[in-house]
Amino acid sequence: MTSDDPTIREPDQIRRDCARKLRAIQVSDHFQAILGCLLGEDWATPRLAEMVITPDGHVLGRCEGEASFKAFLDASEDLIKNIHGVAPVAELDGDEIGFLVGKVAEIKRQPK
């Protein structure tokens, strides 16, 4: 490898870079809470602690201190569209977009 080769980032570095870029842009409080949850950041009060995607494609959220998923957040396909829509504004690279989309896939595959 030469010094001109791009460095390979660890997943946590990708997460931190993505969070730094997204934190700097203006989005709705609702979307900021969703992004914060996907990135493990505390960006909303009350904090969105956890999300799941139901079999019919609805994204539900559980706020910190709540026992159940009470908040309807979005349709999963709209969430993906919104991530792709904010990506150029925040200047996210492919790894960072992939990280966010992967987090959405995780909440779809592994309901808690």
Side-chain angles (χ1 to χ4, degrees):
M1 222 195 296
T2 68
S3 62
D4 294 335
D5 290 334
T7 58
I8 296 174
R9 295 180 292 174
E10 292 295 322
D12 193 57
Q13 182 63 51
I14 295 169
R15 183 198 66 76
R16 287 193 308 270
D17 291 345
C18 190
R20 177 182 46 79
K21 291 176 182 180
L22 287 168
R23 187 72 174 131
I25 65 163
Q26 198 85 48
V27 295
S28 71
D29 292 344
H30 181 88
F31 193 43
Q32 186 172 13
I34 292 170
L35 291 171
C37 184
L38 290 172
L39 293 166
E41 298 287 329
D42 189 4
W43 288 350
T45 303
R47 187 174 82 80
L48 184 58
E50 195 174 5
M51 295 185 298
V52 295
I53 298 177
T54 63
D56 59 353
H58 295 111
V59 182
L60 303 178
R62 182 183 68 78
C63 291
E64 197 166 64
E66 296 288 328
S68 62
F69 292 88
K70 295 181 182 177
F72 171 78
L73 300 173
D74 213 339
S76 59
E77 67 248 8
D78 290 339
L79 176 55
I80 297 294
K81 286 177 192 172
N82 290 336
I83 288 170
H84 284 285
V86 77
V89 177
E91 299 180 355
L92 299 182
D93 65 25
D95 289 342
E96 294 155 353
I97 296 167
F99 182 88
L100 286 171
V101 170
K103 286 295 183 183
V104 173
E106 282 179 22
I107 63 174
K108 187 172 187 176
R109 282 197 311 263
Q110 300 171 4
K112 298 190 179 182

Show every donor-acceptor pair shorter than 3.5 Å between a side-chain atom in residues 28-46 and any protein atom, with sequence neighbours excluded, or say none if there are none.
{"residue": "S28", "atom": "OG", "partner": "F31", "partner atom": "N", "Å": "3.0"}
{"residue": "H30", "atom": "NE2", "partner": "L73", "partner atom": "O", "Å": "2.7"}
{"residue": "E41", "atom": "OE2", "partner": "R15", "partner atom": "NH1", "Å": "2.7"}

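- The two residues V59 and A75 have their closest heavy-atom pair at CG2-C, 4.1 Å.
- With sequence neighbours left out, the ring pair (Phe, Tyr, Trp, His ring centres under 6.0 Å) criterion links H58 to F72.
- Summarising the geometry, atom NZ belonging to K108 is positioned 9.5 Å from atom OG1 belonging to T54; distances are rounded to the nearest 0.5 Å.
- Scanning both residues, C18 and L92, for their nearest heavy atoms gives SG-CD2, 4.0 Å.
- For the atom pair CZ of R16 and CZ of F99, the computed distance is 10.5 Å after rounding to the nearest 0.5 Å.
- A salt bridge (charged side-chain N to carboxylate O under 4.0 Å, His left out) check over residues 69-79, counting only residues at least two apart or in different chains, returns the pairs E66-K70.
- In this structure R23 satisfies the side-chain hydrogen bond (donor to acceptor under 3.5 Å, both in side chains) test with no other residue, sequence neighbours excluded.
- Scanning for side-chain contact (heavy atoms from CB on, under 4.5 Å) contacts around V101 gives I80, I83, H84, I97, with sequence neighbours left out.
- Listed by first then second residue, pairs satisfying salt bridge (charged side-chain N to carboxylate O under 4.0 Å, His left out) with a partner in residues 81-102 read R9-D93, R9-D95, R9-E96, K21-E96, not counting sequence neighbours.
- Between L60 and I53 the shortest side-chain heavy-atom distance does not fall below 4.5 Å.
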